[in-house]
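Only one structure is covered here, and it is reproduced in the block below.
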Amino acid sequence: MAKEYNFQEIEKKWHEQWTKWHTYEVSEDSARKKFYVLNMFPYPSGAGLHVGHPLGYIASDIYARYKRLSGFNVLNPMGYDSYGLPAEQYAIQTGQHPEKTTYANIDRYREQLDKIGFCFDWSREVRTCDPGYYKWTQWAFQKMFGSYFCTAAGKAQLIEQLIAHFEEKGTEGLTAACGEELAFSAEEWKAMDEKEKSQTLMNYRIAFLGETMVNWCPKLGTVLANDEVIDGVSERGGYPVEQKKMRQWCLRVSAYAQRLLDGLQTIEWSDSIKETQKNWIGRSEGAEVQIKVADSDVDFTIFTTRADTMFGVTFFVLAPESELVAKLTTAEQKEEVDKYLAYVKSRTERERMIDHTVTGVFSGAYGINPITGDKCPIYIAEYVLSGYGTGAIMAVPAHDSRDYAFARHFNLPIIPLVEGADVSEESYDAKEGTVMNSPMEGKTSFKGFSLNGLSVKEAIAATKKFVSENGLGRVKVNFRLRDAIFSRQRYWGEPFPVYYKQGIPCMIPEECLPVELPQVENFLPTESGEPPLGNAQLWAWDEANRKIVDKALIDEKTVFPIELFTMPGFAGSSAYYLRYMDPKNGEALVSENNAQYWQNVDLYVGGSEHATGHLIYSRFWNKFLFDLGISSKEEPFQKLINQGMIQGRSNFVYRIKDTNTFVSLGLKDQYDTTPIHVDVNIVKNDVLDTDAFKAWRPEYETAEFILEDGKYICGWAVEKMSKSMFNVVNPDMIVEKYGADTLRLYEMFLGPVEQSKPWDTNGIDGCHRFLKKFWALYWDKEGQFTANDSEPTAENLKSLHKLIKKVSADIESFSYNTSISAFMVATTELGQQKCCSRAILEQMAVLIAPFCPHIAEELWEALGKTTSVCDAQWPELNEDYLVEDKVKMPIQFNGKVRFTMEFPADASKESMIEAAMNAPEAAKFLKGMQVVKQIVVPGRIINLVVKPE
RNA sequence: GCCCAGAUGGUGGAAUUGGUAGACACGAGGGACUUAAAAUCCCUUGACCAUUGCGGUCGUACGGGUUCGAGUCCCGUUCCGGGCACCA
């Protein structure tokens with residue numbers, strides 16, 4: 001029988017056993033309550049896992065195992081997000097085909113993951129680049145193409161219903177989310193040819209082909225979604241991004257903006273991530289007002305959230321990209337306007353973001369304020385964005401800082417509208433105060449409308465009401481959330497199941513899916529944006545024979561070109577949680593039975609960096625599938641835990657300038673030194689292994705050291721874990737040296753799951769020592785198994801049940817670090833008690849199983865069990881064992897602890913106060929004093945407030 | 001600029017939500033065992049004063065406040081992290 005805690009042997013044994021027993025494979029079992037735990041599946045990047053990656057997986061694994069022990073049927077799947085830019089960029093950098101590198105990376109990931117002892121059901125693995133998987137990505141896209149969003153019903157409906165509406169009434173009474181407001185009659189609809197009809201419907205489809213401004217990244221050779229662009233450069237690679245008008249597939253995410261916002265109230269996510277999504281969705285309620293252009297029959301619409309300030313409008317501003325610019329510009333101003341437009345066009349997105357200097361030009365035209373009747377000049381300026389609202393604003397310099405800066409620059413009038421607001425130096429933007437000058441004294445306004453004397457908030461409401469009642473405009477809600485650009489000019493992604501018949505996009509029939517990614521010789525992207533799929537020879541659709549054929553056969557009558565774009569990275573990751581419920585189903589994305597059983601994800605664990613990407617798209621995608629009746633819950637992820645990042649802890653050596661001599665940290669200030677990153681793997685407790693350092697790199701072979709106390713002490717700093725900082729710690733190495741159970745324990749012991757923290761291998765010894773101590777509860781020094789049938793003592797039971805109480809509560813609240821502390825305390829206690837009771841030791845093994853499954857199995861087996869510890873029962877808490885018969889209470893006088901006393905647990909407040917006052921220690925505090933207040937918090941404190949008599 | 005979340009020993013972090021701050025662990029110092037090392041075990045470890053004994057004072061970023069009592073609640077300030085940002 002084993003004596004030493006031989007983790008290597010134990011972990012190998014149980015990994016094999018679990019595979020043999022299919023321990024972690026689950027099936028739908030309507031007799032048992034389900035619980036769905038999910039990790040954000042990884043991109044299999046080339047660098048492999050570092051010690052930070054498994055953090056979230058370990059946290060969710062503990063929860064999954066705990067839930068399983070508590071009697072739930074737990075689904076805990078894993079897979080790979082293997083399509084998209086990261087995988088492809090890696091392939092390009094290493095000069096290999098993305099398919100090859102992706103599969104190699106997946107194997108490497110799997111190997112690493114397997115060492116850590118997760119309870120993943122690998123029989124349900126999905127890979128987004130697998131045709132059997134992306135068939136359903138393509139299928140969902142086609143469903144979106146075949147749907148529109150009905151604003152009256154608040155949900156997606158079949159496009160056929162919209163067509164029927166057009167046939168009958170044209171756009172009259174239409175309630176559909178759309179790109180632009182169109183108006184046509186039934187006759188006009190019927191008179192359209194196929195192409196015009198197709199184009200018209202694109203304005204309503206949820207997946208649509210649109211001519212829009214996109215983020216074009218020439219270096220990556222593709223367009224990017226808004227969340228893939230950060231500070232004007234690409235998230236991946238940091239390459240410049242420019243605005244370009246292109247024909248692209250888009251998803252009408254904006255139609256779901258309100259539902260995406262409302263849904264946040266129904267889910268258990270952190271406030272910060274909800275806040276981030278709220279900001280990203282950016283709802284703002286305001287009014288759209290029609291503005292007539294003087295001496296012309298043109299009019300335009302502005303959007304404002306400050307309807308109350310209409311009396312302070314002194315000019316209007318159009319976005320340079322607005323179609324109105326050409327219509328309004330007068331002949332005299334044309335030259336100047338053109339010059340300005342050319343200037344704006346020359347500026348990159350990044351320049352526009354950083355540089356906020358005031359620029360603009362007068363169009364020559366005047367707009368008429370519908371309430372005051374005043375004629376105000378119309379300007380064109382880049383500070384107004386074409387993509388938001390209507391691309392036109394009314395400017396109120398007194399109460400908007402941007403308008404203020406513009407007015408000052410162009411010497412335009414500023415009319416204050418709030419009593420007491422000083423606008424001589426800056427605008428008054430706050431929505432507070434009493435309204436004045438609305439209208440100004442002696443002036444009249446439309447229908448005698450006046451806001452004077454109201455508070456700003458009342459004035460906003462009153463103006464909205466007035467504007468809509470008098471047909472001057474309407475109340476309107478705007479969202480910052482834009483439609484998602486859904487196509488990429490890259491190779492490594494899902495192909496679109498679309499072909500072009502005389503230029504009209506048509507769907508490849510559902511039965512013919514998936515449309516598999518064709519092999520191409522050259523998959524590199526091009527700066528001009530020619531998609532790599534253009535290099536595919538077998539890439540044409542034979543409509544009659546319903547198959548993919550050589551594109552040489554294209555004849556525009558029966559054989560048509562297939563779409564060359566591919567889908568973006570978020571396509572495959574948007575509904576993968578549904579596929580795990582039924583991963584091998586060839587007939588449906590997920591069967592009704594399985595969707596009903598598993599419902600939605602109960603616990604989702606992943607990084608907060610996906611807040612405005614994946615977590616928005618997924619919610620949108622799921623809502624769409626919910627409208628179709630596929631998904632059984634409106635929100636995909638009920639509870640979300642964002643694990644923090646594990647940062648690296650870098651070490652430094654200090655080289656004296658122009659030498660090869662290195663000086664220890666404490667002495668470095670005496671020299672002129674340069675800090676140099678040193679590999680953390682040759683440093684222990686900040687002490688450098690100098691021999692290893694000499695061997696590390698050739699240039700250090702002759703290195704000399706100035707030591708302190710015979711040691712070379714390194715400096716340290718917390719930085720991102722990355723190869724270039726030499727602070728990457730590989731989990732494989734930790735598993736080899738300490739075992740997976742120690743790794744799991746230590747990752748959780750490091751601190752709260754949701755917090756970012758630096759990795760420091762040094763502390764790991766403490767966790768490893770604990771496991772050895774835990775082991776020693778079962779095996780004594782002579783290698784004898786200690787458990788026997790002796791009755792547990794009251795002390796034993798108390799230690800155990802204290803632990804049950806703490807661990808159960810801590811797992812539920814993801815406070816794993818404190819429950820590990822509790823394990824350490826309980827183990828020490830039981831060790832001191834020399835506890836040999838089988839009843840206690842069995843429960844201890846079950847309690848540790850979620851954290852350290854391997855050692856738990858080994859001990860469970862040693863206890864004579866023949867089934868896996870995973871199938872045991874979570875111990876039940878019996879509070880009776882925790883009841884104290886005596887309580888120690890600190891006695892305070894005037895809020896300060898003076899001494900402590902012991903009382904029977906059931907002592908009354910009065911008797912305790914009396915005893916405290918009669919205690920000999922109390923005498924000096926009571927001398928010449930009288931008690932004015934007595935406070936007793938049972939089990940906590942007794943406080944007597946005294947005052948001189 | 002707006003919004004959100006933080007700040008506790010040399011280090012990672014606890015504190016039952018207003019009740020003895022610093023659990024647990026690392027590191028450090030001292031000791032035991034050993035020829036020696038490793039491993040293991042024991043003691044000390046927030047600061048300062050007193051250590052001839054119990055002990056005392058100050059301490060949770062800073063400044064105020066509420067309270068018998070504040071790391072925890074309120075007001076103000078500083079610093080770090082995250083989100084949004086010419087969004088009308």
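Each chain gets a letter, A, B and so on, in the order its sequence line appears, and its residues count up from 1. These values consider heavy atoms only, across backbone and side chains, with no hydrogens, waters or symmetry-generated copies.
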Are Lys802(A) and Glu829(A) within salt-bridge range, i.e. N to O under 4.0 Å? yes
Taking the basic N atoms (NZ, or NE/NH1/NH2) and the acidic carboxylate oxygens, is any pair closer than 4.0 Å for Lys888(A) and Glu902(A)? no
Both distances under 3.5 Å, Watson-Crick or G-U wobble: report the partner of [N], or none.
N: U57(B); answer: A47(B)
N: C84(B); answer: G1(B)
N: A36(B); answer: none
N: A25(B); answer: U11(B)
N: C41(B); answer: G31(B)

Nearest-Å distance for atom pair [atom1]/[atom2], residues [X] and [N]:
X: Phe770(A); N: U40(B); atom1: CZ; atom2: C1'; answer: 17 Å
X: Ile460(A); N: A88(B); atom1: CD1; atom2: P; answer: 12 Å
X: Lys278(A); N: A5(B); atom1: NZ; atom2: P; answer: 11 Å
X: Leu665(A); N: U11(B); atom1: CG; atom2: C1'; answer: 14 Å
X: Trp280(A); N: G82(B); atom1: CH2; atom2: C1'; answer: 15 Å
X: Asn226(A); N: A85(B); atom1: CG; atom2: C1'; answer: 13 Å
X: Arg306(A); N: C86(B); atom1: CZ; atom2: P; answer: 20 Å
X: Tyr379(A); N: A88(B); atom1: OH; atom2: C1'; answer: 18 Å

Would one find a side-chain N or O of Tyr383(A) under 4.0 angstrom from OP1 or OP2 of A88(B)? no
Quote, to the nearest angstrom, the [atom1] distance that separates [N] from [M].
N: G13(B); M: A85(B); atom1: C1'; value: 35 Å
N: A21(B); M: A47(B); atom1: C1'; value: 14 Å
N: C41(B); M: C48(B); atom1: C1'; value: 33 Å
N: C74(B); M: U66(B); atom1: P; value: 15 Å
N: C73(B); M: C24(B); atom1: P; value: 26 Å
N: G71(B); M: U20(B); atom1: P; value: 10 Å
N: U34(B); M: U52(B); atom1: P; value: 32 Å
N: G31(B); M: A37(B); atom1: P; value: 13 Å

List for me each residue that meets salt bridge (charged side-chain N to carboxylate O under 4.0 Å, His left out) alongside Glu382(A), sequence neighbours excluded, and say none if there are none. Arg347(A), Arg352(A)
Residue list, salt bridge (charged side-chain N to carboxylate O under 4.0 Å, His left out) with Glu285(A), at least two apart or on another chain: Arg283(A), Lys464(A)
Proximal nucleotide (of C86(B), C84(B), A88(B)) relative to the Asn279(A) side chain: C84(B)
Looking only at G83(B), A88(B), C3(B), the nucleotide nearest the Glu275(A) side chain is C3(B)
Whether each nucleotide of nucleotides 12-30 of chain B has a protein heavy atom under 4.0 Å at its base (B), only at its sugar-phosphate (S) or at neither (-) is summarised, 5' to 3', as BSS-B--BB--BBSSS---
For Arg283(A), which contact category applies under a 4.0 Å heavy-atom criterion: base, sugar-phosphate, or nothing? nothing
Would you indicate what Val384(A) reaches in the nucleic acid, counting non-hydrogen atoms under 4.0 angstrom: base, sugar-phosphate, or nothing? base
Suppose we call two aromatic rings close when their centres sit under 6.0 Å apart. Are Tyr746(A) and Tyr738(A) close by that rule? no
Is the NZ or CZ atom of Arg619(A) positioned over Trp280(A)'s six-membered ring, under 6.0 angstrom from the centre and within 45° of the axis? no
Can you see whether Trp759(A) has Arg649(A) sitting over its ring - NZ or CZ less than 6.0 Å from the centre and within 45° of the normal? no
Have a look at Arg306(A) and tell me which of Asp400(A), Leu417(A), Ile460(A) forms a side-chain contact (heavy atoms from CB on, under 4.5 Å) with it. Ile460(A)
Taking Asn642(A) for its side chain and Glu754(A) for its backbone only, find out whether a donor-acceptor pair lies under 3.5 Å. no
Name the orientation of the base relative to the sugar in G69(B): syn if the glycosidic angle is within 90° of 0, else anti. anti
What's the base orientation of U45(B): syn (chi within 90° of 0) or anti? anti
If you pin Thr304(A) and Arg649(A) to their nearest nucleotides in RNA chain B, which one's is more 5'? Arg649(A)
